[in-house]
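Here is the structure we will look at.
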Amino acid sequence: MNNLVIGQFVPGSGILYRMDPRTKILMTIVYVFLLVFANSWVTYLWSAIFLVAALLLTKQGLGLYWRGIKPILWLILFTVVLQLLFSGGTPVLFQWGAIKVTEPGLINAIYVIVRFVLIVLMSTILTITTPPTAIASAIESLLKPLKAIKVPVAELALMLSIALRFVPLLMGETDKIMKAQKSRGMSLSTGSLMKRAKAVIPLLVPLFVGALQRALDLANAMEVRGFESAEGRTRYRELSYGRDDTLAFVAIAVFAIGFLALSFIK
Amino acid sequence: MTNAITIKNLNYSYPEQGELFKNFDFSVQEGEWLAIVGHNGSGKSTLAKLILGLLDFDQGEIQVFDEKLSEETLASIRAQVGMVFQNPDNQFVGATVADDVAFGLENRQVPSKEMPAKIEAALKQVGMEDYAEREPHTLSGGQKQRVALASILALHPRVIILDEATAMLDPEGKQAVMETLKELKARYQDQLTLIMITHDMEEAALADRVAVVSDGQLVFDEKPETLFLKGKQLAELGLAQPFSMELQSALGISQTTYRTKQELATWLSTLKA
Ligand SMILES: Nc1ncnc2c1ncn2[C@@H]1O[C@H](COP(=O)(O)OP(=O)(O)OP(=O)(O)O)[C@@H](O)[C@H]1O
Ligand SMILES: [Mg+2]
């Protein structure tokens, strides 16, 4: 579980590391949004070029991204098989009993793979180059307008960053408890569904109790260090918009215009 | 000498439980290094939480320097008293070492521009300045506890309470935290009051004074040198003596003077000669 690359920050020095996290989040959103409308191989190619450019700007080895894709390969494969088997149309390329593969089906399947991979890689770029705290404060900053309608944006952002901070800890804990229960003969992978569901309970209870204790302890630690409310605190890591960000916006604008133009060429 | 902490006539019980503290009186002098020892469940952590206003007492009075603890003075008292807890993971708020030290500064609304210097200075005092950008899961327990100390030092406390801060650490981590405490005490002298809750008698031996609590009662309150001579009474309270004293009694040496490990070693070697 620990070699999951998506959602993980990997320190580095590329231009993308210096960019304001808000810019990166907006860029990712625009990119993913446009990709949903990609409808021809030129639009996919155009999107792929943009992605490769972003990849290079992170100055990280490609192996890192491969590791990001690997854990979801089976998911991609599954979607592809579905696409292949269940889209109709002609001409039929291959038939074996009730199973048939059509040309539109094949093309669709390839598009699905490409779209999937592009979206995953783009989000991976975001998380690899942006520490969780920066993502949390960027979200807070982007959602600031919602304060007007009484959404507790600062609290939500703090909750998010603390949750992110505790994910690795809870994952480690789950692993430990699972090993402990296994050594006592518990099995999550054999037996009837009922039996397995029952086996999960001795796993969840200590996990829940542990998490609750952590939460209480953390609340105390925060309080004695002067925490009163998420509102009205100063920030150690100030978000600052710089020249790189302007460049990034120009780049994404060029990408979007090119994308729209290419969508009309059919 | 002024009192850093004065507790008068304190009464406290957890909801639906018997009385834990009854008419409890206690004080800590400014600049003192105090150890509080006692068996599990004797009320040490509860006492620390009461001082920091994390629990509301039923009756009595807690005074920190010249302020009485109340709703109004709570923020000001917490600005003067810092606390390090037992579990290194459950008090690490920030995503990195620097962010964690920054957390308290952010709460106190220190301007962003002034933070890096303050963070660096605090980390230097605990020897963690090279780890500023590290994430907590890449640190050892002892390092995390030193970061916890730094995040308190950044706020310039006058009193630091450590509640079994070394209990979950390996011997090296313990050693590093204790060395850091000694350095801090040497550096700040009377400007810093240390209250160290511990089960480890070797640690308690470093204090100027040791308070022994049992079921919410103050049983002993004296210098470590005299306390450690009371082997039997300590054992009755479920407490051990420091290793050097246990060794002395195992060797059949009468326990009339307290000796540290080194002192015992030199003393034994003079005997041989
Ligand atoms: N949140 C709570 N609710 C109810 N009772 C509690 C709570 N916390 C502690 N107690 C009880 O209060 C008593 C004192 O607990 P406290 O944690 O202060 O002891 P301690 O001296 O710190 O022990 P240890 O050495 O194990 O840390 C114990 O009997 C304990 O069971
Ligand atoms: Mg305790």
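We use all heavy atoms of the structure for the numbers below, so side chains are in, but hydrogens, waters and symmetry mates are not. Residue numbers start from 1 in every chain, and the chains themselves are labelled A, B, ... in the order their sequence lines are given, proteins ahead of strands.
Only the side chain of Pro136(B) comes within contact range of chain A, judged by heavy atoms closer than 4.5 Å. For chain B, the nearby part of Glu238(A) is the side chain; its heavy atoms alone come within less than 4.5 Å. Using a 4.5 Å cut-off between heavy atoms, Glu114(B) makes no contact with chain A at all. At a 4.5 Å heavy-atom cutoff, Ile77(B) makes no contact with chain A through either its backbone or its side chain. Interface residue Phe85(B): only side-chain heavy atoms are found under 4.5 Å from chain A. Only the side chain of Lys49(B) has a heavy atom closer than 4.5 Å to any heavy atom of chain A. For Ala98(B), the parts lying under 4.5 angstrom from a heavy atom of chain A are both the backbone and the side chain. With a 4.5 angstrom heavy-atom cutoff, Asp100(B) touches chain A via backbone and side-chain atoms both.
Between Glu179(B) and Lys182(B), at least one side-chain nitrogen of the basic residue sits less than 4.0 Å from a carboxylate oxygen of the acidic one, meeting the salt-bridge criterion. A salt bridge links Arg237(A) with Glu133(B): the closest approach of a Lys/Arg side-chain nitrogen to an acidic carboxylate oxygen falls below 4.0 angstrom. Checked for salt-bridge contact, Lys147(A) and Glu231(A) meet the test: a charged N lies under 4.0 Å from a carboxylate O.
Arg214(A) CZ to Asp89(B) CG: the interatomic distance, rounded to the nearest 0.5 Å, is 5.5 Å. For the atom pair CG of Leu184(B) and CD of Gln191(B), the computed distance is 13.5 Å after rounding to the nearest 0.5 Å.
Inspection of the Gln91(B) and Asn87(B) side chains reveals no N or O donor paired with an N or O acceptor under 3.5 Å.
By number of non-hydrogen pairs under 4.5 angstrom with chain A, the leading residue of Asn90(B), Val110(B), Leu54(B) is Asn90(B). Your options are Lys113(B), Gln109(B), Glu135(B), and the one with the most heavy-atom pairs under 4.5 Å with chain A is Gln109(B).
The cationic atom of Arg225(A) (NZ for Lys, CZ for Arg) does not lie both less than 6.0 Å from the six-membered ring centre of Phe103(B) and within 45° of the ring axis.
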